[in-house]
Amino acid sequence: MRNYSISRKTGLLIICVFMLFSFNHCVEDDNNLPSTAGWSSLDPTSIPLRQRMIQANRDNLVKNPSFEQGRIINIDSNTISNNITGWKWVGENVDWVLKLDEGGNTGSEVHSGIHAVIIQRDNADETIGQGEGIISDFIRIIPGNYEFTFWIRLKEIHSYQERHGSRIDDAIDIRVLFYDKNRLLISGKTYNPQRNAGIDQSFKALPFAGFWNIDSLGWSLVRGRTTNDYLTEGDVPDEAKFVKIFFGLKGTGTMWIDDVDFRYSSSNFTSLEKSERFFDTTFTAIDLLVPTPKKALALDPFTYHYPGSDSLPSPVILIPQHSSRQTYAAALLLKTRLDTLFRRHYGKEHKSRILITSNISDKHIQSGGLIFSLGKNHLSGRRGMGFYLKELQGQEQGYVIQPDSLAPNLVHLLGNSSEGDYYAAVTAIQLLDKSHFIYRQSRITDYPDIPERSFLISPVAASSDNPEHADDLADMINLKLNHGYLDYYRSRTMWDRTSTAYLRGLAEIGRKNGKHGMIQLAQMVNPYAFLPVGARLDSLEMRSRNRWIHASSSSLSKLYMRFQAGIEAGASTLVLCANDHLPYDGGHPLNYSLYADRDRNTYINLQEAHLELINSIINTEGFDRSVKLEFIPPWYANEMVDQSRGQGEQYLRDLSGKLPDNITMLWSGPSPRSYSVDEADYHRFKELVGRELVLWDNSLNTIPEILGDTSLSMSLSLKLRTLNILEPYQVKITNPSIFGERAGKILINSPLDTELMKIRVATAADFLWNTRTYNPDLSLWKVLVSGYGTEAAMNLYHFNESYMVVLGSIAALRNDSGNQRHARQIKDQLEIMQETLETLEKQIPHNPRLINELRSLKMNLERRFEKDVKAVSTQVMAVIDSI
């Protein structure tokens, strides 16, 4: 670092000039400040929509976010300084770096452009109050929720309290500082309902706090955050009118910063506000494709049948002479969709004339009838279709849809593999109009970003021992998901029950999947699932402790038999789950422990028992070596490890160092239900386990839990307006390629037991296929329109809007017994919900299950309202009676 010496006279001049410009800027901002009386981050709808839109449209609020603007100041012949526009230095060990190689390209010193900021400290004082770094100018804000991201590179970072054996904690000191209307610093303390305590919302370096040290982290996009909370992370204090962003280093090492982004987030808007713009927008068939293809160009539509006329031959599906089961299944998929369209017009008794063949004449092509040429058949080779696959090199599941250059009625559906053939057919059936005999001709080149797109499927129904998975596999295949994880939870009492429902369901899924081979099956088994979640060890009865024992050969035999049943059903992956059901010992709920006396006497610790169990599975006689083994550890999230008082960290290091390298671990991200996953989070856990990770994504389970958590809805009652019972996939993965190019798998760990969840999973499938262009609001709109039609989709949004108003108002009514407005809102919105339900029943009579789920949600609200009304004041009761 340079040493800077500024003469007093020169320094005062610089300060005076700076204050002059700052004052002018201050006056301009202050004159434009809107009145924010009554506005609250905890009630986004208290802020006029126009003001929220204005703030959102400002996009990135940071001035000079990538440090490209500035100038070098020559203090004297020996000393220079830097003036970076919109930023000020704090301390001496800071520099404005310019990095160009001989070709004029930026090097690793910067992320983008030609400049970045570097902070380098060789020594650290453990009494330091503030680190050295760089701080922004004032940024004008209004109350609400803000999204904060930045690119960072780190090298040899150590805690400034390393003498104490401390973690990094705030050695990387990144903050959003809050200021009132007079630009006076105010506290960032906010209430956190999960911990029932105040937290410092200004500290935004949580992704780094759990490290002991960081040897090296290449340029990574990180989401600055205080907590992993879905509802409140990013909220600013209501009295804050300005913020400053500070990047500091208290510890030792080197930190580079570039491309800072701070903006008003989409969490400030209700679902209806975010999506209402779609209602009057005309979407083409290409626009509505789920998942979204990489490249697509709409062409002139093609009419393949005129009702009541035989002027065109019936559609034909041409397949290779020796088709794989996947390609033949794709042909059947096309035929089924075409048959459905004809029967919809001519009646159920209509006899199918759709032909699947491996041979077709030139005369038939010239006749003008619709022909789907599927896969690498004799015709696609003759027509030179292999040329279009060159763009898909290395994309095994990629495909092209290409109309023939000489015959527009001939459509080539060509995959890089048999799986690609099937995905081409899945896209093509969405281009067949549902009301008319029209194929929406298009040119499409497509492939997935995440190779293994996984979902959860249960062999046993939620409410009974009957197998229930009739349409789940077909629905998931049509979403281009390709790995099905067989849920263990529904069979959690398997060690002492004689029912064979699970095994029958398992076998049936295997048989169905065998017909098309499009799904790779993974069987999950949790030997502890018979135990309650979060139980204290001394609360378990002895009979429960002895139900399954590591040191018992009969217990191990039961486990092997269960896995063997999975392999026989076609599972190519076995998943040993050790999550959630292990009891804890002592007073800390993350102090997981062996529970059986025999095990506690046999094994030194939990990791030794698990290592022996995994090795025994691998070495079981007859175990298929081609079968993969995956493992979910007891501490499967960064947050759990950091709060386990060292036990989780020790467990993972001990176990991972002895596990075979080919065993993959499942990881849920920074928290058990993560809504932000970045490379710092990934690096933290990967460093512990020394292997690639599969993202075990539980995020879609969050909304159902929030809606059922009365204590949470009480503390954040008005925040609920921004939620959606149809909540689309919202996880912000800053670099999805860590799961695409490396481990190659993300598992959406949500049960497909409701229509509402299937809608959510459909949006997740959209993300997994095309992470780069994914928009959660547009994705949900596409899923709803494709499944239920435009009018029904709009009514689903209106139903949700009323539902959330009622839910929030009930909680607010309990919090404020004298507020008559909430009582009237509840009554009015319940009536709107009923009217909307009656309309939806007429619009989607083919889906009574969704209607029943919506009706059940409404009835639960009414019951909660009736129960809570009895607890409120007589005054409000009188108001309700008079309405």
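Contact detail for Y636 and L666: the closest heavy-atom pair is CB-O, 4.2 Å. Scanning both residues, A680 and F208, for their nearest heavy atoms gives CB-CE2, 3.8 Å. Nearest heavy-atom pair across L695 and G669 is CD1-N, 4.1 Å. Considering all non-hydrogen atoms of both residues, A637 and S671 come closest at CB-C, 3.5 Å. In terms of heavy atoms, M757 sits closest to P751 at CG-O, 3.1 Å. Closest approach of V236 and I142 over heavy atoms only: CG2-O, 4.0 Å.
Within the 4.5 Å cutoff, no side-chain heavy atoms of I141 are placed close to those of Y264. Under the 4.5 Å side-chain criterion, counting only non-hydrogen atoms from C-beta, L780 is not in contact with Y729. Under the 4.5 Å side-chain criterion, counting only non-hydrogen atoms from C-beta, I851 is not in contact with N847. Between V805 and I826 there is no side-chain heavy-atom pair separated by less than 4.5 Å. For the pair L837/L854, a side-chain contact is recorded, criterion being any heavy-atom separation below 4.5 Å from C-beta on. In this structure the side chain of R453 reaches within 4.5 angstrom of the side chain of W769, judged on heavy atoms. With contacts defined as side-chain heavy-atom distances shorter than 4.5 Å, the pair L718/L42 does not qualify. Q730 places a side-chain heavy atom less than 4.5 Å from the side chain of P728.
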Show your reasoning for whether side-chain hydrogen bond (donor to acceptor under 3.5 Å, both in side chains) applies to S676 and R223.
-> CA-CA 7 Å; S676 176; R223 191 168 305 281; 3.3 Å; yes
Hey, mind stepping through R225 and D678 against salt bridge (Lys or Arg N to Asp or Glu O under 4.0 Å) and telling me if it holds?
-> CA-CA 11 Å; R225 60 186 191 272; D678 55 46; 3.4 Å; yes
Given the rule in the side-chain hydrogen bond (donor to acceptor under 3.5 Å, both in side chains) test, do Q829 and S802 qualify, once you have shown the distances and angles that lead to the verdict?
-> CA-CA 5 Å; Q829 294 301 322; S802 295; 2.7 Å; yes
Should T292 and K782 be marked as a side-chain hydrogen bond (donor to acceptor under 3.5 Å, both in side chains) after you check the CA-CA gap, both sets of side-chain angles, and the distance that decides it?
-> CA-CA 10 Å; T292 305; K782 292 194 304 180; 2.4 Å; yes
Let me see the working for K719 and D43 under salt bridge (Lys or Arg N to Asp or Glu O under 4.0 Å), right down to the final yes or no.
-> CA-CA 5 Å; K719 192 88 168 176; D43 181 12; over 6 Å; no
F178/K189 under side-chain contact (heavy atoms from CB on, under 4.5 Å): CA gap, chis, key distance, verdict = CA-CA 10 Å; F178 306 111; K189 181 179 179 180; over 6 Å; no
Yes or no on salt bridge (Lys or Arg N to Asp or Glu O under 4.0 Å) for K758 and D753, after CA distance, side-chain angles and deciding distance?
-> CA-CA 8 Å; K758 286 184 179 180; D753 52 5; over 6 Å; no
For K858 and Q834, run side-chain hydrogen bond (donor to acceptor under 3.5 Å, both in side chains): C-alpha distance rounded to whole Å, both residues' side-chain angles, the deciding distance at 0.1 Å, then the answer.
-> CA-CA 8 Å; K858 176 178 174 289; Q834 181 59 37; 3.2 Å; yes
Kindly indicate, with the supporting measurements, whether the criterion ring-ring contact (aromatic ring centres under 6.0 Å, His included) is fulfilled by Y774 and F767.
-> CA-CA 5 Å; Y774 177 74; F767 169 80; 5.5 Å; yes
Which is it for W39 and D238 under the side-chain contact (heavy atoms from CB on, under 4.5 Å) test, yes or no, and what are the steps along the way?
-> CA-CA 7 Å; W39 297 6; D238 292 343; over 6 Å; no
For salt bridge (Lys or Arg N to Asp or Glu O under 4.0 Å), just list the numbers for K63 and D137, CA-CA rounded to whole Å, side-chain angles, deciding distance to a tenth of an Å, and then say yes or no.
-> CA-CA 8 Å; K63 185 177 182 180; D137 287 348; 5.3 Å; no
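Formation of a donor-acceptor pair under 3.5 Å by the N482 side chain with backbone atoms of E452 is not found in this model. In terms of modelled atom types and a separation under 3.5 Å, the side chain of N268 and the main chain of N145 share a donor-acceptor contact. The closest donor-acceptor contact from the side chain of T270 to the backbone of T722 lies at 3.5 Å or more, if one exists at all. In terms of modelled atom types and a separation under 3.5 Å, the side chain of E639 and the main chain of N228 share no donor-acceptor contact. Side-chain atoms of R52 come within 3.5 Å of backbone atoms of I47 as a donor-acceptor pair (strictly under, hydrogens ignored). One N or O on the side chain of N64 and one on the backbone of Q69 form a donor-acceptor pair closer than 3.5 Å. The backbone N or O of E273 lies less than 3.5 Å from no partner atom in the side chain of E276, so there is not a single donor-acceptor pair. Between the side chain of R183 and the backbone N or O of D180, no donor-acceptor pair lies under 3.5 Å. Although no hydrogens or angles enter the test, the distance criterion places no donor-acceptor pair under 3.5 Å between the side chain of S220 and the main chain of V222. Between the side chain of E233 and the main chain of T226, a donor-acceptor pair closer than 3.5 Å is present.
In summary, the side chains of D235 and T232 do not present any donor paired with an acceptor at a separation below 3.5 Å, with no hydrogens or angles considered. N795 and T836 are not linked by any side-chain donor-acceptor pair at a separation below 3.5 angstrom, with hydrogens and angles left out of the test.
When the shell of 6.0 Å around NZ of K732 is examined, it contains more than 12 heavy atoms from other residues, nucleotides or ligands.
One finds the CG atom of L726 at 10.0 Å from the OG atom of S275 (value rounded to the nearest 0.5 Å). Interatomic distance, R760 CZ to N701 CG, rounded to the nearest 0.5 Å: 8.5 Å. Distance check: T763 OG1 to E727 CD gives 9.0 Å after rounding to the nearest 0.5 Å. Considering CG of D261 and CG of D59, their distance stands at 8.5 Å, rounded to 0.5 Å. Taking CE of M476 as the reference point, atom NE2 of H483 lies at 15.5 Å (rounded to 0.5 Å). With rounding to the nearest 0.5 angstrom, the OG atom of S779 is 10.5 Å from the CG atom of N770.
Note: Y797 and F799 fail the aromatic proximity criterion, with ring centroids not under 6.0 Å apart.
Using cut-offs of 30° and 60° on the angle between ring planes, the pair F150 and F247 is perpendicular. Using bins of under 30°, 30° to 60° and over 60° for the plane-to-plane angle, the ring pair W667/Y682 lands in the perpendicular bin.
F138 carries K244 over the face of its six-membered ring, with the cationic atom under 6.0 Å from the centre and within 45° of the normal. A cation-pi arrangement is present between K294 and Y447, with the terminal nitrogen or guanidinium carbon under 6.0 Å from the aromatic centre and inside a 45° cone about the axis. Relative to the ring axis of F203, R175 does not place its NZ or CZ within 45° and under 6.0 Å from the centre.
Applying the salt bridge (charged side-chain N to carboxylate O under 4.0 Å, His left out) rule to R684 yields the partners D642, E649; only residues at least two apart in sequence or on another chain are considered.
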